[in-house]
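Notes follow the structure.
Just so we're on the same page: letters track the sequence lines, and every chain starts at 1.
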Amino acid sequence: MSRYIALVDCDAFYVSCERVFNPKLEGEPVIVLSNNDGCAVARSNEAKALGIKMGAPVFQIRELIAQHQVQVFSSNYALYGNLSNRVMQTLRNFTPEVEVYSIDEAFLALPGTCDATALTTIRETVKRWTGIPVSIGLAQTKTLAKIANHQAKRQDGICILDQPEAVLATLPVSEVWGIGRQSTKKLQAHGITTALDLQQVDLRWIRRQMGIVGVRIVQELRGIPCLPLELVPPLRKSCCVSRSFGRLVTTLDEMQEAVATFTARAAYKLRRDNLTASLLTVFIATNRFSPDQPYYRNSATVGLSCPTNDTIALTKAALQALEPLYRADQQYQKAGVWLGELTPANQVQRDLFINPHDQEKARQLMRVVDTLNRQPLSRTAHCAAEGLRQPWQMRVQRRSPRYTTRWDELLQVP
DNA sequence: TCTGGGGTCCTAGGACCC
DNA sequence: TCTGGGGTCCTAGGACCC
């Protein structure tokens with residue numbers, strides 16, 4: 001074989017990040033929560049063994065946590081993002097062909113001569129240089145590499161899947177990458193229950209049932225690559241900032257603060273990536289789980305006459321879009337801002353009705369604001385519309401220090 | 001009391017055109 | 001009265017991923 005695809009996946013990534021700076025957590029049940037301290041999104045093996053499921057709402061597992069003294073952390077994205085970069089940089093030492101697929105996963109192209117010793121070297125190097133344990137699956141396609149990785153996690157951290165059929169026969173079809181709940185139901189109804197069953201279906205049949213997506217999955221299971229490595233991340237097409245509130249929001253004032261805050265964050269992300277937006281959508285929603293209140297959600301979209309990444313222009317548009325959505329008789333649980341039709345900032349057409357001098361002044365203002373706010377999540381300079389106290393902010397009750405990105409939160413060795 | 005956030009891709013169907 | 005065939009573009013919504 002001339003070429004392999006490896007999937008390198010960090011083990012319980014957020015938990016592992018916490019353990020790097022807090023070795024006492026080793027061997028203990030540990031979980032990391034989603035934003036707003038809502039659900040468990042990362043679990044150590046010890047926590048998994050207790051039966052804590054991925055995405056379990058915290059309030060449903062309170063007893064389990066107390067009973068087994070599970071260590072609980074809020075998400076600390078500054079820390080996880082930084083450690084993720086270190087892992088990815090380490091992987092680039094082994095091949096230039098690295099696709100960063102998510103915060104904790106990367107696909108690597110490796111030569112066909114690659115063997116278990118090489119994988120072990122990669123694994124041990126990442127652990128030594130970053131402190132993060134990874135598992136590596138190797139196969140002929142991305143979809144098979146995913147499955148190999150799945151196997152690796154159950155073994156000693158590496159798996160080479162040369163003859164996949166035996167493994168596919170034992171794997172429920174729902175575990176195949178790209179097969180979600182709906183597809184699982186449909187496939188099972190036709191007697192396809194294992195990955196091997198899926199590998200052997202008729203291509204015309206799967207085309208009718210699942211479209212081109214299904215065909216690709218089946219081909220990949222057969223060892224025929226359909227999903228190329230994306231070495232250069234494609235330009236983003238949209239950008240969304242949304243949050244659940246720490247407590248319900250009822251007043252228009254607070255909702256405006258929140259929407260202005262989310263807009264500022266989204267505008268910053270555009271400037272960071274050198275993009276502008278022509279479309280802005282605001283959405284607000286009540287709690288969809290509330291049994292005694294009907295679920296109300298609504299959204300409004302405004303087009304921007306000139307593509308922009310200016311916080312002030314975008315905030316004006318967002319507040320204007322919010323106005324007709326807001327209803328005084330509702331208790332809101334969540335809001336968000338979505339920016340669409342993104343184009344590179346240097347390709348923006350001149351707007352005949354905007355004075356270029358004013359535009360340049362606005363750009364300079366944003367540069368100053370971004371410099372003042374360079375510390376992650378800092379709010380040294382912001383619009384008045386964002387408010388000061390922000391009582392609706394999400395809960396972050398158990399966040400560990402931002403060891404690697406804040407001088408004042410460096411690890412101290414007594 | 002308490003249920004995340006941020007994305008992408010694909011398809012079907014409507015409007016419109018020649 | 002008859003009422004084709006092929007194409008593009010746009011949008012909404014579904015499905016899925018981590």
Legend entry - Spacing of Phe107(A) atom CZ relative to dC17(C) atom C1', expressed in whole Å: 11 Å

Legend entry - Side-chain N or O of Arg216(A) closer than 4.0 Å to phosphate OP1/OP2 of dC10(B): yes

Legend entry - Listed nucleotide nearest any side-chain atom of Lys237(A), set dC2(B), dC10(B), dC9(B): dC9(B)

Inset, instruction - For Gly38(A) and for Val213(A), find the nucleotide of DNA chain B with the closest heavy atom, then tell me which residue's nucleotide is more 5'. - result: Gly38(A)

Legend entry - Comparing Leu248(A) and Arg243(A) on DNA chain B - which has the more 5′ nearest nucleotide: Leu248(A)

Legend entry - Minimum-distance nucleotide to Arg181(A) side chain [options: dC16(C), dG4(B), dG5(B)]: dC16(C)

Inset, instruction - Please determine, for the side chain of Asn35(A), which listed nucleotide (dG5(B), dG7(B), dC10(B)) has the closest atom? - result: dG5(B)

Inset, instruction - Look at all strands and tell whether Leu33(A) reaches a base, only sugar-phosphate, or nothing, counting heavy atoms closer than 4.0 Å. - result: nothing

Inset, instruction - With rounding to the nearest 0.5 Å, note down the distance linking CZ in Arg3(A) to SG in Cys114(A). - result: 12.5 Å

Inset, instruction - State whether Lys269(A) places a side-chain N or O below 4.0 Å from either non-bridging phosphate oxygen (OP1 or OP2) of dG7(B). - result: yes

Legend entry - Minimum-distance nucleotide to Gln182(A) side chain [options: dG4(B), dC18(C), dC16(C)]: dC16(C)

Inset, instruction - Using a heavy-atom cut-off of under 4.0 Å over every strand shown, decide if Ser183(A) touches base, sugar-phosphate, or nothing. - result: sugar-phosphate

Legend entry - Any Ser242(A) side-chain N or O less than 4.0 Å from OP1/OP2 of dG4(B): no

Legend entry - Side chain of Ser244(A) - closest among dG4(B), dT3(B), dC18(C): dG4(B)

Inset, instruction - Quick one: label Glu230(A) by what it contacts on the DNA or RNA (base, sugar-phosphate, nothing), any heavy atom closer than 4.0 Å. - result: nothing

Legend entry - Given dT3(B), dC10(B), dC17(C), the nucleotide with the shortest approach to the side chain of Gln333(A): dT3(B)

Inset, instruction - Count the heavy atoms of every other residue, nucleotide or ligand shown that sit under 6.0 Å from CZ of Arg389(A), and state whether that count exceeds 12. - result: no

Inset, instruction - Tell me the partner of dC18(B), counting only Watson-Crick (N1-N3 plus N6-O4 or O6-N4) or G-U wobble (N1-O2 and O6-N3) with both under 3.5 Å; none if nothing fits. - result: dG5(C)

Legend entry - ring pair (Phe, Tyr, Trp, His ring centres under 6.0 Å) evaluation trace for Tyr295(A) with Phe289(A): CA-CA 8 Å; Tyr295(A) 182 35; Phe289(A) 297 103; 8.7 Å; no

Legend entry - salt bridge (charged side-chain N to carboxylate O under 4.0 Å, His left out) assessment of Asp37(A) paired with Arg398(A): CA-CA 8 Å; Asp37(A) 294 346; Arg398(A) 298 153 176 274; 5.9 Å; no

Inset, instruction - Would you mind telling me which of dC2(B), dC17(C), dG5(B) lies closest to the side-chain atoms of Lys146(A)? - result: dC17(C)

Legend entry - N/O (side chain, Ser102(A)) to phosphate O (OP1/OP2, dC17(C)) under 4.0 Å: no

Inset, instruction - Answer with yes or no whether the side chains of Asn76(A) and Ser400(A) bring together a donor and an acceptor at under 3.5 Å. - result: yes

Inset, instruction - Check every strand shown and say whether Asp37(A) touches a base, only sugar-phosphate, or nothing at a heavy-atom separation below 4.0 Å. - result: nothing

Legend entry - Options dC10(B), dC18(C), dG7(B), nucleotide nearest the side-chain atoms of Cys240(A): dG7(B)

Inset, instruction - Look at the side chain of Val41(A) and decide which nucleotide, out of dG4(B), dC18(C), dC10(B), has an atom nearest to it. - result: dG4(B)

Inset, instruction - Could you tell me the separation between the CG atom of Asn298(A) and the C1' atom of dA12(C), rounded to a whole number of Å? - result: 15 Å

